[in-house]
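Here is the structure we will look at, set down as structure tokens.
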2 protein chains.
Amino acid sequence: MSSTPLSRSEAKDLTRRRLIRAALAILDTEGETGLTTVKVAKAAGIAQSSFYVHFRDKQDLLRVLGDEGGDRLRRSMREARRRAREAPDVTEHQRDTFRIPLEAICRHPELLRILHRARHDPSSSMHEFAKEASLAYRDHHAADLAALGYTADNERDRRRLEMIAEGINAATNALALGHLEGRYPDLEEAVDVLVSLSKGALRMLKSSSAAAAAREAGPVAGPGR
Amino acid sequence: MSSTPLSRSEAKDLTRRRLIRAALAILDTEGETGLTTVKVAKAAGIAQSSFYVHFRDKQDLLRVLGDEGGDRLRRSMREARRRAREAPDVTEHQRDTFRIPLEAICRHPELLRILHRARHDPSSSMHEFAKEASLAYRDHHAADLAALGYTADNERDRRRLEMIAEGINAATNALALGHLEGRYPDLEEAVDVLVSLSKGALRMLKSSSAAAAAREAGPVAGPGR
DNA sequence: TTCCTCACCGATAGTACTATCGGTGAAATT
DNA sequence: AATTTCACCGATAGTACTATCGGTGAGGAA
């Protein structure tokens, strides 16, 4: 039945994967407090002491988890850009800009939850990493917004664009979690809300650097869906 | 110098206060993982075993902390409503609606951080409490927004109003923390951003229940500051 | 003054977790 | 076939924390 022609290194890598997967699950359900080598090893089906074959110590595991999360995040951001570019028109492109992150969160909510917690927990081993990731994502989104036609060409507007991006990110996360908790069953409604939030904010930018924005005509002032 | 005519119960209450204050500080700087009876007692200047004179166990302390936080939150919400009502005009009223929570967060950022962490940590003793507080705050803000003239009279609009309120809350928290971390030095700019976000969102509501909104004339369509 | 109360103390039993160590057998190498 | 490598194991030393217990002395009631 089960063909098991696994080389030694393949088997080791498999166990390592199992450990990482188990760690993520425990981190999600029980938090960093509940993450112990005992539980991780047991969930991965090996002895507690064998944990140290794969990781120098617990800290090392957290570091690896952070790296993996970072990779996944970066890949997800690139993917989102790529897909949004394929949208048939500006309105749909704009909706994609918000829909894609929402869907990404819903696909792997545990990553967001873990990162989110670490972001606000100075004692977390992943605290610094989570802060950087959060900033990177803000800048990514700021670039997206800028790509929608709202270039900020002075310091003040640039900072406002960053604030808008950070605010919209926070709202995106909140709505995605609300969706997962069953409060907002329809994800498209969340997209509606995010689009409308950003429209208001970008209108402010537009009016403050009216000349530049006017040249872009009406990509945002277009009709709602 | 120091008059010390403290009755026994007064002294006990003082120690209890010191314990709670110490616990909050530790929770903020080291997270729930770092909160131990040893540290709390030491920081409050008593023996570890004396901790149990004031609290049944560690869980009990967390519960009390949650209750205190809830009280403070409710008081803060009432206070915010009261102050916002005193605003000279509609525009300033609107700005107050966003400025007051921002200032409240900046005054006691540790409370938000603690609540925020617990909100996303299922293992936290304050998880359920934090969820309820977050919902209560969303509804409070939704009521504020409704008071600005955007009554939602059908199920769909009501849900959208809730989503907007939750999104704006999230953005408010994010911007307040960004301010505290030094990224956004000017709190008024944060108010600008929040006002503009909400303007966009409420415009959506307005257009979807145009008849009701039209009656309210233009409290939101007014000029920016 | 006498007696009681109780907030606080030090010591400690019990528990949970981390990390190390020597041993084992199967895979890989020779 | 002989030898080496190494992923995994059980046992355990060491550490940190929780919660209990009996004792003590100053506040407060009689």
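Naming convention: chains lettered A, B, ... in sequence-line order (proteins, then strands); numbering from 1 in each chain.
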- Rounded to whole Å, CD1 of A:Ile46 lies from P of D:dC9 at a distance of 6 Å

- Query: Going by distance alone, is a donor N or O of one side chain under 3.5 Å from an acceptor N or O of the other, for B:Thr29 and B:Glu110?
  - Reply: no

- N or O in side chain of B:Ser50 less than 4.0 angstrom from C:dA7 OP1/OP2: no

- Item | Under 4.0 Å protein heavy-atom contact, by nucleotide of nucleotides 13-26 of chain D - B base, S sugar-phosphate only | ----SBBB-----B

- Task: Could you tell me whether the side chains of A:Tyr184 and B:Glu162 share a donor-acceptor contact shorter than 3.5 Å?
- Result: no

- Return the orientation label for the A:His140 and A:Tyr137 ring planes: parallel under 30°, perpendicular over 60°, tilted otherwise. parallel

- Query: Heavy atom of residues 22-30 of chain B under 4.0 Å from DNA chain D: which residues?
  - Reply: none

- Message: Using a strict threshold of under 4.0 Å (side-chain N to carboxylate O), is an ion pair present between A:Arg159 and B:Glu189?
- Response: yes

- Message: In this structure, how many angstroms lie between the P atom of C:dC6 and the CG atom of B:Leu14, rounded?
- Response: 19 Å

- Query: Does A:Asp144 pair with A:Arg81 as a salt bridge, N-O distance under 4.0 Å?
  - Reply: yes

- Side chains of A:Gln48 and A:Thr36 in contact at under 4.5 Å (non-hydrogen atoms): no

- Atom-to-atom span, CZ of B:Arg18 to C1' of C:dC8 - whole angstrom: 12 Å

- Task: Compare the minimum distances between each of C:dC9, D:dG28, D:dC8 and the side chain of A:His54, then state the nucleotide with the smallest one.
- Result: D:dC8

- Distance in angstrom units between B:Lys12 NZ and C:dC8 P, rounded: 8 Å

- Message: Check this for me: does any side-chain nitrogen of one of A:Glu155 and A:Arg160 sit under 4.0 Å from a carboxylate oxygen of the other?
- Response: no

- Query: Is the shortest side-chain N/O distance from A:Thr15 to OP1 or OP2 of D:dC8 below 4.0 Å?
  - Reply: yes

- Task: Please lay out, stage by stage, how A:Leu175 and A:His179 fare under the test side-chain contact (heavy atoms from CB on, under 4.5 Å).
- Result: CA-CA 6 Å; A:Leu175 291 183; A:His179 172 72; over 6 Å; no

